[in-house]
Amino acid sequence: MLTIPFIRTNTEQTIAGLKKKRFADAEAIVKQILELDEVRKNLLQQAEQALEKSNAIAREIGGLMKSGQTQEAEAKKAETAELKIKIKEFGEAAKKAEQDVQDVLVTLPNLPHSSVPEGKTADDNEITLTWGKVPSFDFEPLAHWDLIKKYDIIDFDLGNKITGAGFPVYKGKGARLQRALINFFLDEAIKAGYYEIQPPILINEDSGFGTGQLPDKEGQMYITQAEGLYLIPTAEVPITNLYRDVILTEKDLPIKNVGHTPCFRREAGSWGAHVRGLNRLHQFDKIEIVQIRKPEESYQALEEMSTYVQGLLQKLGLHYRVLRLCGGDMGFASALTYDMEAWSGAQNRWLEVSSVSNFETFQANRLKLRMKVDGKSVLCHTLNGSALALPRIVASILENNQTKDGIKIPEVLVPYCGFSVIQ
RNA sequence: GGAGAGAUGCCUGAGAGGCCGAAAGGAACAGUUUGCUAAACUGUCGUACUGGUAACGGUACCGAGGGUUCGAAUCCCUCUCUCUCCGCCA
């Protein structure tokens with residue numbers, strides 16, 4: 001969430017940033033917020049002035065009572081009647097005004113970093129680098145949805161029976177490959193200095209707000225009926241919310257956490273032919289890295305995270321590319337996002353397998369996550385990225401590494417899998 | 001699920017209508033002293049909004065939200081959470 005002081009002192013920059021993010025009516029909304037805030041301040045001031053007077057009288061009465069001047073005290077009481085009405089009226093109006101400001105403020109996305117390219121859709125994203133080669137086959141390669149059937153390792157029909165579409169069942173070597181990837185990714189992260197966290201996978205409303213899923217993406221999350229808890233769409237939510245309402249010291253930073261969780265996404269209305277098989281699921285596993293940084297270090301941290309994620313893809317031997325997302329394709333809370341896409345050898349297309357973002361103070365402001373610098377508290381910067389999301393990695397491995405009679409497991413995974421080929 | 005107890009600052013813990021943003025101790029930080037370590041002494045030691053160039057003020061916050069009162073950490077109501085005992089249970 002943007003702060004009012006920032007918007008006030010950087011009004012033009014705010015409007016320009018919102019436009020880059022393709023936010024409609026930027027000028028009007030910004031103007032509206034600033035006006036609402038003036039109203040709020042004015043009402044608050046009036047309420048507080050009345051309160052001040054009332055408190056002073058109350059103190060006087062206290063003094064009179066103590067010295068036994070009961071009659072004088074009684075007389076004073078009458079003076080507060082009018083003030084009480086004022087306090088109530090202005091207080092309520094100020095509260096409402098604050099809510100009005102807040103209601104508009106939460107709808108504003110984060111402003112994009114200056115390096116974010118202009119653009120509207122995924123077509124306008126900037127390809128910053130491509131690694132590896134497109135795999136070639138001397139036979140007609142099968143798409144992963146055919147391979148998983150051929151080798152009986154992932155079963156959509158079974159998942160459909162016990163839950164519904166988009167909830168696959170991993171079986172045998174399919175299940176073991178999943179487990180191998182999870183362990184491999186976690187071990188790599190720990191080697192890189194990340195601290196492992198196993199968070200709850202249901203979260204409350206405050207947590208959803210803290211990282212920016214609520215109220216924006218209400219419809220994307222599953223919610224439990226009895227308790228109103230949300231199933232996490234990503235481990236980013238619980239792991240970042242660990243630091244909600246926290247004031248860190250400089251010594252605590254940087255914080256580098258990693259966690260593996262299942263992720264749940266309703267993906268309402270986004271079903272279609274291009275999302276077959278593992279390309280888009282309602283439940284999937286992901287290893288997420290989360291960092292909390294001093295503001296001046298966050299962009300360096302973002303590059304480190306990007307490099308780290310690329311290292312994983314290189315170790316798995318996957319042909320991939322890195323995109324710098326354009327303003328129109330970026331997420332609500334992000335200031336700069338790199339997407340990593342792995343090549344899918346049979347679908348002949350790129351699959352997004354990681355998204356690494358710097359949120360600057362956007363989440364920290366919602367979370368009230370601050371650090372003490374020279375006695376003053378300043379908002380931290382938060383970052384996160386997938387390292388990595390499993391299903392599309394599995395899809396790429398299956399498709400890219402297929403031979404006529406089996407699938408070769410990347411070497412780094414063999415010790416984790418306990419087998420080197422799926423036949 | 002049933003019965004009881006409780007929720008105060010970084011921690012422990014006092015406070016039981018006005019003098020309480022809140023005692024005291026500990027931790028932490030800074031300084032003094034000191035062969036080193038330690039100890040001792042002194043000081044600092046919440047957050048947010050708001051007025052002001054600043055100095056310095058104002059307001060709110062003692063789990064959350066309401067209420068009573070001139071005045072609430074303190075009284076009343078609702079909710080949440082924690083602990084103890086019983087029940088159930090991976």
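Throughout, a chain's letter reflects where its sequence line sits, starting with A, and its residues are numbered from 1.
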Completion exercise
Rounded to whole Å, the NZ-C1' distance (A/Lys53 to B/U59) equals 15 Å
Exercise for the section: For A/Ser357 and A/Phe359, indicate whether the former's side chain and the latter's backbone hold a donor-acceptor pair under 3.5 Å. Expected result: no
Handout entry: Gap between atoms CD and P, on A/Glu227 and B/C79 respectively (whole Å)
Key = 17 Å
Handout entry: Any side-chain heavy-atom pair of A/Gln402 and A/Leu147 under 4.5 Å
Key = yes
Practice task
Would you indicate, yes or no, if B/U68 has its OP1 or OP2 atom less than 4.0 angstrom from a side-chain nitrogen or oxygen of A/Lys84?
Solution key: no
Identify all pairs in which a protein N or O lies below 3.5 Å from an N or O of nucleotides 50-53 of chain B, and state each distance.
{"residue": "B/U50", "atom": "OP1", "partner": "A/Arg40", "partner atom": "NH2", "Å": "3.2"}

Practice task
Could you measure between the two P atoms, the one in B/G26 and the one in B/G13, and give it in whole Å?
Solution key: 16 Å
Practice task
Would you please confirm or rule out a distance under 4.0 Å between OP1 or OP2 of B/A60 and any side-chain N or O of A/Asn55?
Solution key: yes
Fill in the blank from the handout: By salt bridge (Lys or Arg N to Asp or Glu O under 4.0 Å), A/Glu82 pairs with (sequence neighbours left out) none
Exercise for the section: Taking atom C1' in both B/C75 and B/C89, compute the distance separating them and give it to the nearest angstrom. Expected result: 41 Å
Exercise for the section: Under the side-chain hydrogen bond (donor to acceptor under 3.5 Å, both in side chains) rule, what do A/Glu360 and A/Tyr299 come out as? Steps first, then yes or no, please. Expected result: CA-CA 9 Å; A/Glu360 296 188 3; A/Tyr299 278 95; 2.4 Å; yes
Practice task
Check the distance between B/C79's P and A/Asp206's CG and give it to me in whole angstrom.
Solution key: 19 Å
Completion exercise
A/Lys77 NZ to B/C70 C1', in whole Å, measures 6 Å
Handout entry: Nearest-Å distance for atom pair CG/P, residues A/Asn365 and B/C49
Key = 9 Å
Exercise for the section: Check whether any side-chain heavy atom of A/Leu34 lies under 4.5 Å from a side-chain heavy atom of A/Ile7, and answer yes or no. Expected result: yes
Exercise for the section: Scan A/Lys95 against the nucleic acid and name what it touches under 4.0 Å (heavy atoms): base, sugar-phosphate only, or nothing. Expected result: sugar-phosphate
Practice task
For A/Thr240 and A/Glu236, indicate whether the former's side chain and the latter's backbone hold a donor-acceptor pair under 3.5 Å.
Solution key: yes
Exercise for the section: Using a strict cut-off of less than 4.0 Å between a Lys/Arg side-chain nitrogen and an Asp/Glu carboxylate oxygen, indicate whether A/Arg8 and A/Glu38 qualify as a salt bridge. Expected result: yes
Problem - Distance between P atoms of B/G57 and B/U44 (Å, rounded) - result: 16 Å
Handout entry: Whole-angstrom distance between B/U59 and B/A5, as gauged at atom C1'
Key = 35 Å
Exercise for the section: Please determine if A/Lys256 forms a cation-pi arrangement with A/Tyr195, meaning its NZ or CZ atom is less than 6.0 Å from the six-membered ring centre and no more than 45° off the ring axis. Expected result: no
Practice task
Measure from NZ or CZ of A/Arg179 to the centre of the six-membered ring of A/Tyr416 and say whether it is under 6.0 Å with the direction within 45° of the ring axis.
Solution key: no
Completion exercise
Between A/Ser54 and A/Lys251, the residue closer to the 5' end of RNA chain B by nearest nucleotide is A/Lys251
Handout entry: Separation between the C1' atoms of B/U80 and B/G15, rounded to whole Å
Key = 25 Å
Problem - Involving RNA chain B, stems made of at least three consecutive Watson-Crick or G-U pairs, both distances under 3.5 Å - result: B:1-7 with B:80-86, B:10-12 with B:24-26, B:28-32 with B:40-44, B:46-51 with B:56-61, B:63-67 with B:75-79
Practice task
Ignoring backbone atoms, test whether A/Ser377 places a side-chain nitrogen or oxygen under 4.0 Å from the OP1 or OP2 oxygen of B/A48.
Solution key: yes
Exercise for the section: Would you mind reading off the distance between A/Lys376 atom NZ and B/C49 atom P, rounded to a whole angstrom? Expected result: 11 Å
Handout entry: is_close_aromatic(A/Tyr194, A/Tyr308), centroid dist under 6.0 Å
Key = yes
Exercise for the section: Write down the distance separating the P atoms in B/A7 and B/A16, rounded off to the nearest Å. Expected result: 14 Å
Exercise for the section: Run the salt-bridge test on A/Arg392 and A/Glu399 with the 4.0 Å N-O cut-off and return the result as yes or no. Expected result: no
Problem - B/G51 versus B/C45 - spacing of their C1' atoms, nearest Å - result: 26 Å
Practice task
Could you check whether A/Leu83 gets within reach of a base, just the sugar-phosphate, or nothing at all, counting any heavy atom under 4.0 Å?
Solution key: nothing
Exercise for the section: For B/C11 versus B/C62, give the span between their C1' atoms, rounded off to a whole number of Å. Expected result: 16 Å
Problem - Atom-pair distance (CZ on A/Arg8; P on B/C49), nearest Å - result: 13 Å
Exercise for the section: For A/Arg59, answer base if it contacts any base atom (sugar-phosphate contacts may also be present), sugar-phosphate if it contacts only those atoms, and nothing otherwise; contact means non-hydrogen atoms under 4.0 Å. Expected result: nothing
Fill in the blank from the handout: Winner on side-chain proximity to A/Glu52, out of B/A60, B/G58, B/C70, is B/G58
Problem - Rounded interatomic separation in angstrom, taking CG from A/Leu51 and C1' from B/C49 - result: 13 Å
